[in-house]
Amino acid sequence: MSTHHFVRSAVIVILALSALCACRKEEPVVPSTSTPVTPPDDTPDGSSRKIRGFFLLNEGNMGNNKATLDYFDYATGVYTKNIYAERNPGVVKELGDVGNDLQIYGGKLYAVINCSHFVEVMDVRTARHITQISIPNCRYIVFKDRYAYVSSYAGPVQIDPNARLGYVAKIDTATMQIVGTCTVGYQPEEMVVVGKKLYVANSGGYRVPNYDRTVSVIDLETFKEIKKIDVAINLHRLELDQYGQIWVSSRGDYYDVPSRTYVIDSRTDKVTDEFKLLPNSEMTVCGDSLYVYSTEWNYPTQSNTVNYAIVNVRTKKVVTRNFISDGTEQQIVIPYGIAVNPNTREIFVSDAKDYVTPGKLYCFDPNGKKKWEIETGDIPAHIVFTYNELMPLQ
């Protein structure tokens, strides 16, 4: 289950769980569809650091095994929906139920599939299945040296005031075997690595209203939790900037406690800043800019408050309260994912719309003007840029 849009309340989670056991009927493989969205990039560049494209993981509706994978190719300017199914026709139920994270490491593409309880490992050049690593209620993945680290809620997908502590699984990327686990806080979410330390945001989302409020710090050499940093309730996102600062999002309680953004200094492991007026659903760092959007649900008002901001991470000043400059934000119903191309500074924002029909992806230039938009799969959420060209389907 994706806490990103379900763990904002016990009611929504419980309603969603009624569909958890549903299985998609056996159907023919749905072919991919390709759409030109922008002129081809025919600039000759043999650099290994040129971004060739990006993958987008659509979470899919919970309980329906509808997670899908899309791909955009800069060389051709073509966006292709649903590439996984036809490249892996022998994989039962395709990508599975609720895609919660997507990362590239060591020539492999890792998709964390939350409600199917596994990490799908693919070849980044072909998007072909290599293996699956079973981890219950897995959430996010990060890497350091030869190891991958995956956060896990550990228990079943359900609201429970007595839900157990979560853990981080350590995976050897050479053997694809789990070689250790480290217990952290309740319902751990996103992570970052700083030197020899792994930081884990603990949400406590299943234990509502008794949320966790800590960031766990793990020593990677001993793979033991060495401390917890008290921050705020219902933590979710972590983002590391080039100054060793960790930006932390708190979702609040959706009633009286609003979403806020915090900063931890990784040298001291102390909270140094609190941005009371910076709600935060997701963020990404590019250079000195932290791009933040928020879709803050409030039960008393029964409404979302949407914001798009940029913060200068060096000065810790808000640069703008709306990085979309041409009014396109009025078309976006539920912003659900964000990414910035470090080469071009293009800004990508996905729209989940109603959570049950295909979403959209918007591409903006660095000044916030729309360049193009395209229909995606259901609940487009996670983007990762690739320096490798995706090989044509054989």
Side-chain angles (χ1 to χ4, degrees), residues 1-13 59 100 139-140 159 185-192 199-215 229-241 245-264 271-285 289-311 313 316-324 329 332-338 349-352 355 379 381-382:
M1 179 183 61
S2 172
T3 304
H4 197 75
H5 62 282
F6 287 114
V7 175
R8 64 188 185 191
S9 79
V11 174
I12 291 179
V13 175
E59 290 191 355
N100 206 73
R139 301 294 298 167
Y140 292 92
I159 294 294
Y186 294 104
Q187 291 78 65
E189 298 282 18
E190 202 161 35
M191 302 167 289
V192 294
Y199 294 79
V200 187
N202 300 309
S203 70
Y206 282 178
R207 295 165 62 89
V208 56
N210 299 312
Y211 295 104
D212 202 326
R213 51 179 297 119
T214 63
V215 168
I229 305 169
D230 184 80
V231 182
I233 66 166
N234 198 9
L235 303 180
H236 187 195
R237 301 286 184 178
L238 296 183
E239 192 74 13
L240 177 67
D241 69 25
Q245 300 172 134
I246 302 169
W247 296 74
V248 186
S249 73
S250 163
R251 288 173 289 205
D253 67 357
Y254 316 106
Y255 288 89
D256 302 316
V257 181
S259 171
R260 290 177 177 171
T261 302
Y262 298 82
V263 180
I264 293 173
V271 176
T272 59
D273 298 88
E274 175 184 4
F275 292 79
K276 293 183 178 180
L277 299 179
L278 187 64
N280 190 333
S281 295
E282 190 174 354
M283 56 187 157
T284 188
V285 167
S289 296
L290 180 79
Y291 297 79
V292 182
Y293 80 80
S294 66
T295 309
E296 188 177 19
W297 175 257
N298 183 273
Y299 274 100
T301 64
Q302 288 289 297
S303 63
N304 281 307
T305 301
V306 177
N307 291 282
Y308 304 91
I310 296 177
V311 180
V313 297
K316 299 179 185 175
K317 302 295 184 182
V318 176
V319 176
T320 180
R321 290 286 178 178
N322 189 358
F323 58 72
I324 300 173
E329 74 276 7
I332 302 174
V333 183
I334 301 291
Y336 205 77
I338 187 170
V349 177
S350 65
D351 183 0
Y355 297 116
I379 315 181
H382 311 284

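Only this structure's heavy atoms are used, side chains among them; waters, hydrogens and symmetry mates stay out.
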Side chains of Ile334 and Asp351 in contact at under 4.5 Å (non-hydrogen atoms): yes
Just so I know, are the side chains of Glu59 and Asn100 near enough to count as touching, which here means a heavy-atom distance under 4.5 Å?
yes
Indicate yes or no: at least one non-hydrogen side-chain atom of Ile332 is less than 4.5 angstrom from one of Ile324. yes
Here the gap from Trp297 atom CH2 to Asn304 atom CG, rounded to the nearest 0.5 Å, amounts to 6.0 Å
Check for a donor-acceptor pair, side chain of Ser259 on one end and backbone N or O of Gly252 on the other, with a separation under 3.5 Å. no
* To do: Determine yes or no for a side-chain-to-main-chain donor-acceptor pair under 3.5 angstrom, with Thr295 supplying the side chain and Pro335 the backbone.
  => yes
Given the options Val200, Val271, Leu235, Val215 meets side chain to side chain contact (heavy atoms under 4.5 Å, CB included) only with Leu235
Closest non-hydrogen atoms of Asn298 and Tyr255, given as atom of the first, atom of the second and distance, are ND2-O, 3.2 Å
Q: Show the numbers, then the answer: is there a side chain to side chain contact (heavy atoms under 4.5 Å, CB included) between Val208 and Tyr254?
A: CA-CA 11 Å; Val208 56; Tyr254 316 106; over 6 Å; no
Check: When you measure from the side chain of Asp212 to the backbone N and O of Thr214, does any donor-acceptor pair fall under 3.5 Å?
Finding: yes
On a heavy-atom basis, the closest approach of Arg321 and Leu277 is NH1-O, 2.6 Å
- request: Could you tell me whether the side chain of Tyr211 reaches within less than 4.5 Å of the side chain of Val257, counting heavy atoms only?
  value: no
Taken to the nearest 0.5 Å, the spacing of Tyr291 OH from Thr320 OG1 works out to 10.5 Å
CD of Glu274 to OG1 of Thr261, rounded to nearest 0.5 Å, is 9.5 Å
* Is it true that a side-chain atom of Asn307 and a backbone atom of Tyr293 form a donor plus acceptor pair closer than 3.5 Å? -> no
Note: Val292 and Pro279 closest approach over all heavy atoms is CG1-O, 3.6 Å
message: Does any part of the side chain of Val306, heavy atoms only, come nearer than 4.5 Å to the side chain of Glu329, both counted from C-beta?
response: no
In terms of heavy-atom contacts, Arg260 and Phe275 come closest through CB-O, 3.6 Å
dist Ile264:CD1 -> Leu240:CG (nearest 0.5 Å) comes out at 11.0 Å
ask   = Could you go step by step and tell me if Tyr140 and Leu238 meet the side chain to side chain contact (heavy atoms under 4.5 Å, CB included) rule?
value = CA-CA 11 Å; Tyr140 292 92; Leu238 296 183; over 6 Å; no
- Item | Whether Asn234 side chain and Asp253 backbone form a donor-acceptor pair below 3.5 Å | no
Value for CG (Leu278) from OH (Tyr262), rounded to nearest 0.5 Å, stands at 11.0 Å
Check ion pair Asp230-Arg213 (N to O, under 4.0 angstrom): yes
Can you tell if the side chain of Pro188 reaches within under 4.5 Å of the side chain of Asn202, non-hydrogen atoms only? yes
**Prompt:** Any donor and acceptor pair, going by atom type alone, linking the side chain of Glu189 with main-chain N or O of Ser203 inside 3.5 Å?
**Reply:** no
Any side-chain heavy atom of Leu290 sitting closer than 4.5 Å to one from Val285? yes
Under 3.5 Å donor-acceptor, Glu296 side chain and Thr305 backbone:
no
Taking side chain as C-beta onward, heavy atoms only, is Ile379 less than 4.5 Å from Tyr355?
yes
Taken to the nearest 0.5 Å, the spacing of Glu282 CD from His236 NE2 works out to 7.5 Å
Check against side chain to side chain contact (heavy atoms under 4.5 Å, CB included), Glu239 and Thr284
CA-CA 7 Å; Glu239 192 74 13; Thr284 188; 4.0 Å; yes
Passes side chain to side chain contact (heavy atoms under 4.5 Å, CB included), Met283 versus Val311? Steps please. CA-CA 10 Å; Met283 56 187 157; Val311 180; over 6 Å; no
> Just by modelled atom types, is the Val313 backbone N or O under 3.5 Å from a matching donor or acceptor in the Gln245 side chain?
Replying inline: yes
